[in-house]
Amino acid sequence: MKKSIIFGSLALAGIAFTGCDDFLDDNRNPLTSEVNTPAFWNNETNVQNEANLFYNSIIGYGNYCSRVSSTTTSGQGEFYFKTLSDDQVGRTWGLQNWANTNVPASAASWSDPYYNIRQAMYIIEGMKTSTLDEATKNHYTAIARLNRALQTFDLVKKYGNVFWVDQLLTINDDGFLYSAPTDRDIVMDNVLADLDFAIANIKNESGKFEFSKDMARAAKAEICLFEGTYCKYRTEAENGKKADETRAKKYLEECVKACEPLMTRYTLTPNYLDIYQTTDVGAFGKVSEIIFGKAFKVNIMMHQLVAYTCSSTEIMGISKDAFDSYLFKDGKPLALTSCDKTDLGVLNTVDSVLSIQNLLDVRDERLAKTTDPYAYVNHLKWSRAGAAEMVSTTGYGVAKYDNITVPLYNRQTIGQNYTCGPIYWLSAVYCEFAEAKAELGTLSDADLNNSLNKLYERAGLPAQTVASLSSMNDPANNMGVNSLIWEVRRCRRCELIMDRDFRYWDLIRWHQLDKLDNTRYPNVFLGANFSNTFLFTEDKFINEEDAVKLNSEGYKDGGLGDRVYDKKYYFYPIPSGQIALNDKIKQNPGW
C-alpha cells in the first residue's frame, strides 16, 4: 500500500483551501463528478489521492504555505488562538466574547464539515464498485468513514441535531435535502460505528503522519469521553435532552476500551515540551508519545503559532483562574498547601521587570514550562531569548510553544514557524482514560499508576491514590462533582492547557459553561499580581492612554467587557440561510 509523509494539511500539489457555499448548494453541484467513474476508483493511486484530501481538515498549529503571499491566507490553528475559555484572555473583545452573538446568514462551521463529509461519501460509494481487493477497499472506506465521523462529531458538538449523511447526494435527492436533521444521539451512535469500522479495517497499525488504527483509537477515546460525560451531565432545560446514565456508561466504557491498547503501545517523553517544540520531522516522528501529528518543514509548510507568543503583538496570557489551578510541590492546591503561596513576584526597579520565578519554583513544573519567569505588561516589558519586548493581556506569558533554539527570524515572524504539532498524543489519552474511569466509579490505584501518576511524576509532583484524591476536598471545587473527579479534571486542565480548544469543549460536556461568566467568576479575566509595582502605586501610569488596567487588589484585569452566560450558548446558532432553504430545520433554542 502506498504511503507518504504529509506536511501540514496541504497534502497534494495545487491543493489550497477552498471556500464553501452552504450545505444544500454544495450537494446540488458535485465537486468531483469529472473523476467519479468506475475506472477512476479501480486505480489505487487515484483513491489514495482522494483520501489524502482529508488532511486538509486537520488544523493543529495551522498552515501557511511559503508560496502564498498573504500570511493570513491559511488562518490560525487550534492551539493558543482559541481563547474562549477560562484558561487565557484574548487581546480583543471579539477574542474574549462568545463565539456567536448573532445568527449568521452562513457559517463555515456548518458548511465545511459537510463539504468534507461529501468527499468521504465519494470514496465510500466508489469503493462499492471498485475492482481493488477487499482489504484495500475496506482500508479506504475506513479512512473515509473515520473522517466522516470526525466531521460529523464537530457538527454535533456545535449544533446538536444535524444531518447524518450516508449517501452521495445529487440535485435530485429532495427527500434528503429537505428533510429534518437527525436526533443527535442517533447521529453519535453512527459516529461510533464509523470509528469502530475504521479501527477494524485501516491497514496501518500506527503512523505518526498517516491515518492508522491507533489514530482512530485516539479519536474514538476523545469522542466517546465527550459523549459519555455530555450525556451524563446534560439537562433538558439547557441542552434539550435530559441526562442519560445508561448512554453515558456505554460511551465511557467505549472510551476506556479505546485508550487501553494505546497505553501499552506508547510511552511518555521525559520532556513535556518535546510534544510542542520539536522542529525536525524525523525527531518528531520519534517522540514516544505522539500518536498522530502534523509535520512542518521550513520553506515548505509552516505556521504562525510561535510568532504570536514571542513578538510585540500583545500575548493572550493565561488567566489567574488557570494559574491558580496548578498544584504546589506538596501535591496540594492553593487553599490547602503548606508551601509558600504568595502570588507576588519580585520587582527589579533597575531593569523594570517583575520576576515570578519564586511563584513557579513551588508549583507543578508544567506551569514553568507553560508561562515565563517574568510577568510583563506595558511599562514592565520583557523579552524571551532575543525576541521583541512583549506584553500580555494578563501579565502571564505563553512560553509553551516557543523553541528558543530556533533562529530568531523563524520564531517571531508570522508564517515562518516550523515546529511540528501534535494532534493525538499519549498524555491526552491518559487524561481521557482516568476521567472515564472516575466517571464510571471504577478508577483504581493501579489505573492511576498507569495514567495520571505518570503525568504527576513528569510534573515533579507526588504520586496520588484514589483515596488521597477523594479526600483532597479543594474549597475551589465549584462544579458540583466529587473531589476525585475534580482532581482528575484539574490534571487534564494543567496538562493540556491551550491545546486544541480542549478547555471550552470540556466546559460544554461537563455542563459548566457558566464558568466563563466573568461577572460571576472574575478570575477568568484577571492575571498577575502587580500590587507591589510602580504600576499600582503611581497614578500617572494608570491614567495614561496605554494604561495597565488593574483591579482594586492590584491584579491585572484583561477584560474588555462583561461576558455574561446564557444557556443558548450551549449550541451555535444555525445559519439563517439554511433555515430559509429548508423549513424543517429549526433554529437552536434562544437564537
Side-chain angles (χ1 to χ4, degrees), residues 60-61 78-80 82 85 87 206 208 212 214-215 217-226 229 255-256 258-278 283-294 318 322 325-327 331 363-371 398-401 403 419-438 443 446-464 469 485 487-503 505-506:
Y61 282 0
E78 298 175 307
F79 294 70
Y80 171 76
K82 302 292 187 177
S85 79
D87 278 348
S206 61
K208 302 283 189 176
S212 67
D214 281 351
M215 186 269 200
R217 290 181 180 111
K220 177 181 175 179
E222 180 182 308
I223 290 170
C224 286
L225 180 67
F226 180 97
T229 49
C255 172
V256 172
C259 290
E260 287 175 335
L262 298 173
M263 292 166 62
T264 62
R265 291 170 56 81
Y266 298 84
T267 58
L268 286 188
T269 176
N271 183 5
Y272 177 67
L273 295 180
D274 285 347
I275 305 168
Y276 307 101
Q277 295 185 5
T278 302
F284 187 66
K286 295 176 182 177
V287 175
S288 59
E289 71 177 277
I290 299 298
I291 299 168
F292 179 78
K294 286 185 65 171
I318 66 171
S325 71
Y326 284 82
L327 294 173
R363 297 275 188 141
D364 177 336
E365 291 174 8
R366 289 173 294 194
L367 181 56
K369 295 178 185 296
T370 296
T371 191
V398 176
K400 185 175 182 177
Y401 307 106
N403 184 333
T419 41
C420 295
I423 304 298
Y424 297 104
W425 63 105
L426 184 61
S427 55
V429 172
Y430 282 164
C431 292
E432 289 155 0
F433 172 82
E435 185 180 344
K437 296 277 280 188
L443 186 68
D447 293 330
L448 278 178
N449 290 337
N450 288 326
S451 58
L452 298 195
N453 275 337
K454 294 182 179 182
L455 301 182
Y456 290 140
E457 181 181 15
R458 186 168 67 178
L461 296 172
Q464 300 281 0
L469 294 179
I485 291 175
E487 293 304 324
V488 170
R489 290 179 181 183
R490 180 205 303 278
C491 187
R492 174 180 174 85
R493 182 183 194 181
C494 297
E495 182 70 29
L496 305 175
I497 187 170
M498 295 177 291
D499 293 348
R500 282 197 47 217
D501 204 17
F502 282 135
R503 183 64 179 179
W505 295 107
D506 285 349

Query raised in the report: Is there a side-chain contact between Y456 and C491 (heavy atoms, below 4.5 Å)?
Result: yes
Query raised in the report: So do P422 and Y61 actually touch side chain to side chain, heavy atoms under 4.5 Å?
Result: yes
Report task. For residues L452 and Q464, determine if any side-chain heavy atom of one lies less than 4.5 Å from a side-chain heavy atom of the other. Result -> no
Query raised in the report: Mind checking whether Q277 and Y401 have side chains closer than 4.5 Å, heavy atoms only?
Result: no
Report summary line: Residues passing the salt bridge (Lys or Arg N to Asp or Glu O under 4.0 Å) test with R492, sequence neighbours excluded, are D506
Query raised in the report: So, for M263 and L426, which heavy atoms are closest and what is the spacing to 0.1 Å?
Result: CA-CD1, 4.2 Å
**Report entry** Heavy-atom side-chain contact between L327 and R363 under 4.5 Å
**Finding:** no
Requested in this report: Identify the two heavy atoms, one from G60 and one from I423, that lie closest to each other, and give their separation to 0.1 Å.
Outcome: CA-CD1, 3.7 Å
Report summary line: With Y276 as partner, the option from N403, T370, T419, D499 fulfilling side chain to side chain donor-acceptor pair (under 3.5 Å) is D499
Query raised in the report: For C255 and A221, which heavy atoms make the closest approach, and how far apart are they?
Result: SG-O, 3.4 Å
Report task. Give a yes or no on whether the backbone of K294 and the side-chain of K208 come within a donor-acceptor separation of less than 3.5 Å. Result -> no
Query raised in the report: Between CH2 of W425 and CD1 of I290, what distance do you get to the nearest 0.5 Å?
Result: 7.5 Å
**Report entry** Heavy-atom pair of closest approach, residues A322 and S325
**Finding:** O-OG, 2.6 Å
Query - Pairs where residues 259-278 contributes a residue and the test salt bridge (Lys or Arg N to Asp or Glu O under 4.0 Å) is met, not counting sequence neighbours - result: D214-R265
Query raised in the report: Is there a side-chain contact between S206 and Y266 (heavy atoms, below 4.5 Å)?
Result: yes
Query raised in the report: Any side-chain heavy atom of P261 sitting closer than 4.5 Å to one from R217?
Result: yes
Query - Atom pair CG (D87) and CZ (F502), whose distance is rounded to the nearest 0.5 Å - result: 12.0 Å
Report task. Please determine, by modelled atom types, if E289 and S427 share a side-chain donor-acceptor pair under 3.5 angstrom. Result -> yes
Requested in this report: Verify salt bridge (Lys or Arg N to Asp or Glu O under 4.0 Å) between R490 and E487, making sure each step is shown before the conclusion.
Outcome: CA-CA 5 Å; R490 180 205 303 278; E487 293 304 324; 2.7 Å; yes
Query - side chain to side chain donor-acceptor pair (under 3.5 Å) partner of Y272, chosen from K400, E365, K369, R366 - result: K400
Query raised in the report: Could R500 and Y424 be counted as a cation-pi pair, given that NZ or CZ must be under 6.0 Å from the ring centre and within 45° of the axis?
Result: yes
Query raised in the report: Which heavy atom of L225 sits nearest a heavy atom of A436, and at what distance?
Result: CD1-N, 4.0 Å
**Report entry** Closest non-hydrogen atom pair, D447 against S451
**Finding:** O-OG, 2.7 Å
Query - Side chain T371, main chain A368, donor-acceptor under 3.5 Å - result: no
Query - Interatomic spacing from CG in N453 to CG in L455 - rounded to 0.5 Å - result: 9.0 Å
